[in-house]
Amino acid sequence: AVKNGWAYLDGTYASYEEIHKQTVKILEEYPNLHLTLAHFFFCSKDPMILERLGQLDIPVVIAGENIEGFICVNNDIREDFRGIARHLIEIHGYTDIDMLTGQSEFATSHERVQGVRDIFEEKGISFPDEKIIYGNYWINTGEALAEEYLKGTRKMPQAVICANDFMAYGLIDKLLENGIKFGKDISVVGYEYVGERYYHHPILTTYSRNRANVGAKAVSILNNLITDEPVEDISTDGCMVAGESCPCGSDKSFIMTELQ
């Protein structure tokens, strides 16, 4: 979106080709923008876009990614996944946990794994590499992992931590079709709290990545670069969002908010 000299580019759920096309178009048509890139997951895959952004004589703030050479605002993803691992180990007593993360070529996929590994090491619990499954951040990866569990080609653990909600949706939908009981046979936790939980059963337990505050902090930094006004002290900490895919049960306040 472009308005009043500001550009906001959200590449969270677009294809890489669409992100590339729209970014190049905006950079060519609006050379004098104050530019914010929000949750630009695939931006780091395109050296040409990064080079062109670096050459611009305007403020650029990247939100939701950590890219060398740019001012970036992001959640502490590693700490978020420490929180998820603590929840499963300390609240539910699980020690046999699989981790479904994203593509191995993305640094964020490994950062999410490392957060979980930190807590296993802290607790003195083994977390071998075979417990880590690399996916693609989309529903089909969760479905594929469910098939492995159902066919017995991979042992079903006590719980699975998914690196985002979409993979978790694929996993719980496929397991539910086959009569698996959540909180008893297995527990599943997602990440990001993207919404749409009411389209899936059971209601997913997830971790809310504080996207709103990441965006607000990015804009505050951008405003500081333009006007010298102080940067606001905005926390980007997230929180667990309870659901039915682990023994916690749904937090009705979150459900009501989602339905409104």
Side-chain angles (χ1 to χ4, degrees), residues 41 44 66 74-176 178-193 202 204-209 238-248:
F41 185 72
S44 57
N66 297 312
N74 203 359
N75 308 90
D76 187 341
I77 293 175
R78 185 167 173 173
E79 182 58 34
D80 288 352
F81 277 85
R82 288 177 184 140
I84 295 171
R86 285 193 189 98
H87 178 85
L88 291 174
I89 294 171
E90 295 178 358
I91 303 300
H92 299 309
Y94 297 147
T95 57
D96 182 14
I97 301 172
D98 283 356
M99 170 79 189
L100 176 58
T101 190
Q103 293 93 322
S104 61
E105 62 266 29
F106 293 161
T108 188
S109 301
H110 298 281
E111 186 176 13
R112 295 169 198 224
V113 171
Q114 191 56 53
V116 174
R117 191 183 297 280
D118 288 344
I119 302 306
F120 273 82
E121 292 177 353
E122 177 186 293
K123 303 293 184 182
I125 304 169
S126 175
F127 188 61
D129 289 344
E130 54 263 30
K131 304 294 285 181
I132 302 165
I133 303 102
Y134 290 94
N136 63 3
Y137 292 109
W138 194 238
I139 291 169
N140 65 308
T141 306
E143 294 172 337
L145 179 57
E147 290 286 358
E148 290 188 48
Y149 292 143
L150 294 167
K151 292 177 180 177
T153 55
R154 180 182 291 273
K155 176 181 173 291
M156 190 178 294
Q158 293 172 300
V160 181
I161 296 172
C162 295
N164 76 349
D165 288 343
F166 291 110
M167 293 192 293
Y169 290 152
L171 179 60
I172 64 174
D173 288 350
K174 180 64 67 172
L175 291 177
L176 180 68
N178 289 270
I180 299 300
K181 295 180 174 60
F182 293 89
K184 181 178 179 182
D185 299 327
I186 193 172
S187 290
V188 177
V189 178
Y191 178 66
E192 292 191 359
Y193 189 43
L204 180 67
T205 296
T206 187
Y207 192 98
S208 177
R209 185 179 185 184
C239 64
M240 290 294 302
V241 180
E244 306 288 341
S245 63
C246 79
C248 288

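Residue numbers count from 1 along this sequence. Note that the coordinates shown come from a computational prediction; the quantities given were computed from them, not determined experimentally. What you see below is based on every heavy atom in this structure, not just the backbone, and it leaves out hydrogens, waters and symmetry mates.
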Check: side-chain contact (heavy atoms from CB on, under 4.5 Å) with I133: which of V160, T141, L145, T101?
Finding: L145
Let me confirm one number: the [atom1]-[atom2] distance from [X] to [Y], rounded to the nearest 0.5 Å.
X	Y	atom1	atom2	answer
I125	I97	CD1	CD1	7.0 Å
E143	K174	CD	NZ	5.5 Å
K181	S187	NZ	OG	14.0 Å
L175	E147	CG	CD	9.0 Å
R82	I77	CZ	CD1	12.0 Å
H87	T205	NE2	OG1	6.0 Å

Just so I know, are the side chains of [X] and [Y] near enough to count as touching, which here means a heavy-atom distance under 4.5 Å?
X	Y	answer
I132	D129	yes
I119	F127	no
R117	M99	no
K131	P157	yes
Y149	L171	yes
K123	T95	no
H92	C246	yes

Grab the two heavy atoms, one from [X] and one from [Y], that are nearest each other, plus how far apart they are.
X	Y	result
V188	C162	CG1-SG, 4.1 Å
Y191	D80	OH-OD2, 2.6 Å
S245	F182	CA-CB, 4.0 Å
G183	Y94	O-OH, 4.2 Å
I84	G190	CD1-O, 3.8 Å
G102	S109	C-OG, 3.2 Å

Under 4.0 Å between a Lys/Arg side-chain N and an Asp/Glu carboxylate O for [X] and [Y]?
X	Y	result
R209	E192	yes
K155	D98	no
R86	E79	yes

Next item on the list: Answer yes or no: is there a donor N or O on one side and an acceptor on the other, between the side chain of T153 and the main chain of E148, under 3.5 Å?
Entry: yes
Next item on the list: Check for a donor-acceptor pair, side chain of N164 on one end and backbone N or O of M167 on the other, with a separation under 3.5 Å.
Entry: yes
Margin query: Would you call the rings of Y169 and F166 parallel, tilted or perpendicular, taking 30° and 60° as the class edges?
Written below: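 If you compare the ring of Y169 with that of F166, the planes turn out perpendicular.
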Notebook entry, point to check: Should the ring pair H110 and Y134 be called parallel, tilted or perpendicular, given that the plane angle runs from 0 to 90° and is split at 30 and 60?
Noted result: tilted
Item checked: Steps toward side-chain contact (heavy atoms from CB on, under 4.5 Å) verdict (N75, Y207) -> CA-CA 12 Å; N75 308 90; Y207 192 98; over 6 Å; no
